[in-house]
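Let me begin by presenting the structure, written as structure tokens, before commenting on it.
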There are 2 protein chains.
Amino acid sequence: MSALDGLEVRRTTTAQQLADGLSERIMAGAFGPGDRLRESAIAAELGVARNTIREAVRILELTGLVRYEVNRGAVVIAPTPEKIDALYTARERLETAAASRTPRPEQLEAITRAFDDLVDATKSGDVQDVVDRDLAFHQAIVAVLDSTRLDEFFASLTKELRFYLTVLSRQETPDEVVAQHRVIFDAIRLGDRERAVAELRAHVDVSVEQLKQLLH
Amino acid sequence: MSALDGLEVRRTTTAQQLADGLSERIMAGAFGPGDRLRESAIAAELGVARNTIREAVRILELTGLVRYEVNRGAVVIAPTPEKIDALYTARERLETAAASRTPRPEQLEAITRAFDDLVDATKSGDVQDVVDRDLAFHQAIVAVLDSTRLDEFFASLTKELRFYLTVLSRQETPDEVVAQHRVIFDAIRLGDRERAVAELRAHVDVSVEQLKQLLH
DNA sequence: GACGACAAACTGTAGTACAGTTCAACTGTA
DNA sequence: TACAGTTGAACTGTACTACAGTTTGTCGTC
């Protein structure tokens with residue numbers, strides 16, 4: 001332990017900080033799906049140059065939260081049934097692939113912790129927290145694949161999904177959430193991979209249908 | 001069929017075109033791994049403004065070919081043993097997940113076509129072409145997962161990989177290439193999923209070792 | 001040969017300018 | 001009233017200039 005542990009200079013650019021900040025705001029719903037990010041307005045409000053904002057938004061594009069349209073600038077992504085399907089299909093493939101593997105002890109522990117956290121969260125009743133724990137549980141499952149690249153990719157899917165969930169403010173009873181995840185968790189814990197895969201598949205099917213209904 | 005089919009206006013920005021062009025050059029080896037992309041030099045040479053180049057490079061970042069370092073600008077990604085491992089692990093997980101599924105007839109046809117193309121390419125002796133067909137074959141396998149998002153993700157891995165392969169100009173006899181892929185293809189064609197998975201795994205192992213040796 | 005000062009090259013950011021595009025409000029017409 | 005065409009404000013895409021702060025290579029010194 002050095003005396004300088006934790007000390008760190010501000011090794012980041014203005015554009016990066018802006019991107020992080022904007023990302024947060026978008027996730028919190030400050031900009032709705034389909035909204036345009038107007039460069040001059042943001043630049044003026046935050047007191048930075050327009051090209052810096054432009055760069056920040058390009059960084060934001062990396063995370064998938066906005067996309068560029070020619071002559072319209074950055075637009076916050078909006079959920080469509082097709083996008084929801086594509087998102088959940090990818091999730092389902094990754095999670096079932098993970099569930100077909102035998103987790104290492106520490107991976108099983110991580111999944112167990114994630115499940116316990118989820119149960120706790122449902123008791124507290126904080127909807128946003130439940131969503132986060134829910135997604136964290138699934139991330140822990142994917143981690144069994146032992147691939148950082150896939151972890152990252154899944155995290156980006158999760159980020160998109162979390163955004164959709166936020167803006168759609170899904171309503172689900174905590175008991176349902178726990179029940180659905182418990183069967184998955186039990187199957188994994190008991191090493192019943194076939195059932196884990198089947199339950200995951202069913203869980204994803206239910207979720208995608210619920211979500212698509214919210215879009216009317 | 002409309003009378004205007006295929007008619008399209010040039011709906012793209014300068015920055016996007018620059019990004020495409022730069023991507024091509026990098027892939028072709030005009031910039032080696034670890035090289036910096038100097039903004040003013042490129043801007044001057046191409047007769048565009050520096051901020052346009054900056055934007056183009058941010059777009060490039062999306063494809064994963066370069067990454068930004070604070071105060072050093074854009075740097076072409078360089079292969080390290082860890083990166084190679086991470087790349088191949090992700091590939092292996094996706095491909096084996098795909099190989100555990102039963103392909104639909106048209107997917108099997110696509111795989112067959114890809115394999116035939118690969119065989120043809122080895123006969124012609126064009127190394128770059130062989131690499132392309134090789135990767136296309138694997139992409140066809142991943143397509144069995146039926147997920148556009150995963151297809152895209154795999155394509156991005158492929159792009160990185162192809163770049164590494166190009167700069168390392170791997171040498172392998174065409175016969176070896178065909179033989180390795182034939183066992184995989186045969187297993188898939190015959191519906192022997194277990195063997196397909198095993199052969200894919202072995203193939204990836206061999207490739208990653210070869211590639212890591214090239215890095216010394 | 002290691003060290004440190006110095007200079008050159010470059011990035012990060014600000015700010016201004018302007019042509020071209022989008023979009024919504026307005027206008028005239030059937 | 002419905003609709004086509006026009007107009008103008010708002011905004012994007014791009015260029016150019018400027019400068020502080022950082023990195024890096026070089027050169028002289030110990």
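Keep in mind it's a predicted model, so treat the numbers as computed, not measured. Chain identifiers are assigned alphabetically (A, B, ...) following the order of the sequence lines, protein sequences preceding nucleic acid strands; residue numbering begins at 1 within each chain. Reckoned from all heavy atoms, side chains included, excluding hydrogens, waters and symmetry mates.
Judged by distance alone, the side chains of E55(A) and N51(A) never bring a donor and an acceptor atom under 3.5 Å apart.
For V48(A), counting side-chain heavy atoms from C-beta on, the closest listed nucleotide (dT11(C), dA14(C), dT12(D)) is dA14(C). Comparing dG12(C), dT21(C), dT12(D) against the side chain of Y68(B) picks out dG12(C) as the nearest. For R50(B), the side-chain atoms get nearest to dT11(C) when compared with the rest of dG13(D), dT11(C), dA15(D). Nearest to the side-chain atoms of S40(A) among the listed nucleotides dC10(C), dT12(D), dG12(C) stands dT12(D).
Within 4.0 Å (heavy atoms only), E55(A) reaches no atom of the nucleic acid at all. Among the protein residues, E69(B) comes within range of the sugar-phosphate backbone only, with heavy atoms under 4.0 Å from sugar or phosphate atoms but none that close to a base. L18(B) comes within 4.0 angstrom of no nucleic acid atom, judged by non-hydrogen atoms across all strands. Heavy atoms of A15(A) sit under 4.0 angstrom from primed sugar atoms or phosphate atoms, though from no base atom. Across all strands, I42(B) comes closer than 4.0 Å to no nucleic acid atom at all (heavy-atom distances).
The phosphate of dG12(C) has neither OP1 nor OP2 within less than 4.0 Å of any side-chain N or O from T14(A). Distances shown here put every side-chain N or O of R72(A) at or beyond 4.0 Å from the OP1 or OP2 atom of dT12(D). Within the 4.0 Å cut-off from OP1 or OP2 of dG12(C), at least one side-chain nitrogen or oxygen of R54(B) is found. The phosphate of dA15(D) has OP1 or OP2 within less than 4.0 Å of a side-chain N or O from T52(B).
Using a 4.0 Å cut-off between charged side-chain N and carboxylate O, D129(A) and R133(A) make a salt bridge.
At least one side-chain heavy atom of L60(A) sits less than 4.5 Å from a side-chain heavy atom of T63(A).
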